Amino acid sequence: MLKNVALCCLVLFLSSTAAWAAEGKKAPLWEDGAPGAKGTEDKDIPTLTTYLPASEINTGCAIVVCPGGGYGGLATGHEGLDIANFWNERGVAAFVLEYRHAGRGYKHPIPLQDAQRAIRTVRARAEEYNVDPNRVGIQGFSAGGHLTSSAATHFDAGMPDAKDPIDRVSCRPDFAILCYPVIAFDQPYTHKGSQRNLLGDDADKELVQSMSSELQVTSDTPPTFLFHTTEDTGVPPENSVVFYMALIKNKVPAEMHVFEKGRHGVGLAKSIPGTAEWGNLAHLWLKNRGMIDAKK
């Protein structure tokens, strides 16, 4: 009888622990209000939700996850929580970013500002999160992929004399993972909704060019993994291809997979044979890059 009671208590404890882990720990990116905020409502507060792996499988690698949504919303389920759980199971810490966007009343440069702050936050608090500050990457889906590519091509080393210690560290990601990303603007294969939501209808040509990520790649752009699908008509695979070619031209380590099957927005693509392997391939890529211990 006592054994049964103890077993039930253990099951309840493990279940509650799992539930807590699935929720993550959400916190504002800026404790005293975000720069450029138009108010103090939830929509004005960008957040970072922390999901840490079990200590016994922790690899020291960390990934900021940027859900998609056309810069008008956020797909925080299949492009946020599901991705965090995927990485946690493989010993990688995940941080889901809820950035400000047009649906909340914000355009460029606010989303990029939020992404840069998220990278700085994880790196500055690496000891607290038990991660390596030199193995902090960023991953994004669709418009979140554009945000990720923007963070990988627009970064700085931090301000050493900044009052806020988070602002003192670099926002350059150590790697980037782009999943069916929006990349190019003002092209036949551009996702017009994302461009409009981010820059508006009459953006200056120089601004459009500066936010067309394939035009901003340099030799300092971090190593990048890309995946897309041929059947994606929402954000055609040319977006990934032009970014990949820019990486190759600038001798940046890169790997790209274009699968045949899958509409736009497949997330982990669990129900699509072949395409479902993209996550495992990204995991192997991180091992090959030395971001994850090959033994884990």
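On a predicted model such as this, the values are computed, not experimentally measured, just so you know. Because only heavy atoms are used, hydrogens play no part in the values below, and waters and symmetry mates are left out as well, while side chains stay in.
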Residue pair Leu48 / Ala118: nearest heavy atoms and the distance that separates them: CD1-CB, 3.9 Å
Applying salt bridge (Lys or Arg N to Asp or Glu O under 4.0 Å), run through Asp174 and Arg123 and close with a yes or a no. CA-CA 10 Å; Asp174 294 304; Arg123 183 166 284 133; 2.9 Å; yes
Interatomic distance, CZ@Arg125 vs OG1@Thr50, rounded to 0.5 Å, equals 8.5 Å
Out of curiosity, Arg196 CZ to Lys107 NZ, how far, rounded to the nearest 0.5 Å? 8.5 Å
Tell me every residue that passes ring pair (Phe, Tyr, Trp, His ring centres under 6.0 Å) with Trp30, counting only those two or more places apart in sequence or in another chain. none
Does Asp44 pair with Lys38 as a salt bridge, N-O distance under 4.0 Å? no
Taking Ser170 for the side chain and Asp156 for the main chain, is one N or O donor matched with an acceptor at less than 3.5 Å? yes
Say whether, by atom type as modelled, one donor and one acceptor occur between the side chain of Asn58 and the main chain of Val131 under 3.5 angstrom. no
Ile110: which other cluster members, linking ILVMFWY side chains closer than 4.5 Å, directly or transitively? Tyr106
Listed by chain and number, what are the salt bridge (charged side-chain N to carboxylate O under 4.0 Å, His left out) partners of Arg135, not counting sequence neighbours? Asp132
Is there a chain of hydrophobic side chains (I, L, V, M, F, W, Y, each step under 4.5 Å between heavy atoms) that links Trp285 to Phe141? yes
Test item: Val65 and Tyr51 side chains (from C-beta on) under 4.5 Å apart, heavy atoms: no
Shared ILVMFWY cluster between Ile138 and Leu147, side chains joined below 4.5 angstrom? yes
Partners passing ring pair (Phe, Tyr, Trp, His ring centres under 6.0 Å) against Phe175 (at least two apart in sequence or in another chain): none
Is there a side-chain contact between Val64 and Thr148, using heavy atoms and a 4.5 Å cut-off? no
Heavy-atom pair with the smallest gap, counting every atom of Ser149 and Val182: OG-O, 4.3 Å
Between Glu231 and Glu260 the two heavy atoms that sit nearest each other are CG-O, 3.1 Å
Report, one line per pair, each donor and acceptor closer than 3.5 Å where one atom sits in a side chain of residues 240-247; sequence neighbours left out.
from   : atom 1 : to     : atom 2 : distance (Å)
Ser240 : OG     : His228 : ND1    : 2.7

One pair to check against side-chain contact (heavy atoms from CB on, under 4.5 Å): Arg168 and Met159. What are the steps and the verdict? CA-CA 5 Å; Arg168 298 172 196 162; Met159 297 177 289; 6.0 Å; no
Measuring only between side-chain heavy atoms, which start at C-beta, is Val96 closer than 4.5 Å to Ile83? no
Would you check if the side chain of Thr275 reaches a backbone N or O of Lys261 as a donor-acceptor pair within less than 3.5 Å? yes
Would you say that Asn239 contacts Pro236 through its side chain, given a criterion of any heavy-atom pair below 4.5 Å between the two side chains? yes
Tell me whether Asp42 at atom CG has more than 12 heavy atoms from other residues, nucleotides or ligands lying less than 6.0 Å away. no
Compare all side-chain heavy atoms of Asp232 with those of Val266 and state whether any distance is below 4.5 angstrom. no
What's the verdict on side-chain contact (heavy atoms from CB on, under 4.5 Å) for Phe86 and Leu268, showing C-alpha distance, side-chain angles and the deciding distance? CA-CA 9 Å; Phe86 173 89; Leu268 288 171; 3.9 Å; yes
Given 3.5 Å as the limit, does a donor-acceptor pair link the side chain of Thr224 with the main chain of Pro222, or not? yes
Is any side-chain heavy atom of Phe155 closer than 4.5 Å to one of Asp220? yes
Hits for salt bridge (charged side-chain N to carboxylate O under 4.0 Å, His left out) against Lys192, two or more places apart or cross-chain, chain-then-number order -> none
Is there a side-chain contact between Leu199 and Leu207 in this structure, where contact means two heavy atoms from C-beta onward sitting under 4.5 Å apart? yes
Residues in side-chain hydrogen bond (donor to acceptor under 3.5 Å, both in side chains) contact with Thr121, at least two apart in sequence or another chain: none
In plain terms, say whether Glu98 and Arg104 are close enough for a salt bridge, that is, a side-chain N and a carboxylate O under 4.0 Å apart. yes
Just jot down the side-chain hydrogen bond (donor to acceptor under 3.5 Å, both in side chains) partners of Asn250, sequence neighbours excluded, or say none. none
Interatomic distance, CE@Met256 vs CD1@Ile248, rounded to 0.5 Å, equals 8.5 Å
What residues form a side-chain hydrogen bond (donor to acceptor under 3.5 Å, both in side chains) with Glu255, not counting sequence neighbours? His257
Side-chain donor or acceptor of Gln195 paired with backbone N/O of Ala184 under 3.5 Å: no
I need the minimum non-hydrogen distance between Ile119 and Ala151, along with the two atoms involved. CD1-CB, 4.1 Å
Verify, without hydrogens or angle tests, whether Gln116 (side chain) and His154 (backbone) share a donor-acceptor contact under 3.5 angstrom. yes
Please round to the nearest 0.5 Å and tell me the distance separating atom CD of Gln216 and atom OG of Ser210. 6.0 Å
Going by atom types alone, do Tyr71 and His146 pair a side-chain donor with an acceptor below 3.5 Å? yes
Distance, nearest 0.5 Å, that separates CG of Asn88 from CD1 of Ile63: 10.0 Å
Are any non-hydrogen side-chain atoms of Cys61 and Trp87 less than 4.5 angstrom apart? no
Report the distance from atom NE2 of His101 to atom NZ of Lys43, rounding to the nearest 0.5 Å. 10.5 Å
Just by distance, with hydrogens left out, do Ser142 and His264 show a side-chain donor and acceptor under 3.5 Å apart? yes
Partner residues of Asp186 under the salt bridge (charged side-chain N to carboxylate O under 4.0 Å, His left out) criterion, sequence neighbours left out: none
Would you kindly confirm whether Leu29 and Tyr99 end up in one hydrophobic cluster when ILVMFWY residues are joined by side chain heavy atoms under 4.5 Å apart? yes
With clusters defined by side-chain heavy atoms of hydrophobic residues (ILVMFWY) lying less than 4.5 Å apart, directly or transitively, does Ile177 cluster with Leu281? yes
Sequence neighbours excluded and cut-off under 3.5 Å, please list the side-chain donor-acceptor pairs for residues 72-81, or say none.
from  : atom 1 : to     : atom 2 : distance (Å)
His78 : NE2    : Gly265 : O      : 3.2
Glu79 : OE1    : Gly68  : N      : 2.9
Glu79 : OE2    : Tyr180 : OH     : 2.6

Counting only N and O atoms by type, is there a donor-acceptor contact under 3.5 Å from the side chain of Asn197 to the main-chain atoms of Ala102? no
Answer yes or no: is there a donor N or O on one side and an acceptor on the other, between the side chain of Ser212 and the main chain of Phe185, under 3.5 Å? yes
Where is the tightest heavy-atom contact between Ala176 and Ala152, given as atom of each residue plus distance? CB-CB, 4.2 Å
Flag, side chain of Asn280 to backbone of Glu277, donor-acceptor distance under 3.5 Å: no
Look only at the side chain of Trp278 and the backbone of Val258, and say whether a donor-acceptor pair between them is shorter than 3.5 Å. no
May I ask you to check whether over 12 heavy atoms, not counting those of Glu128, lie within 6.0 Å of atom CD? yes
By salt bridge (charged side-chain N to carboxylate O under 4.0 Å, His left out), which residues pair with Asp164, not counting sequence neighbours? Arg117
Could you pull out the closest heavy-atom pair between Gly70 and Ser194, with the gap in Å? CA-OG, 3.5 Å
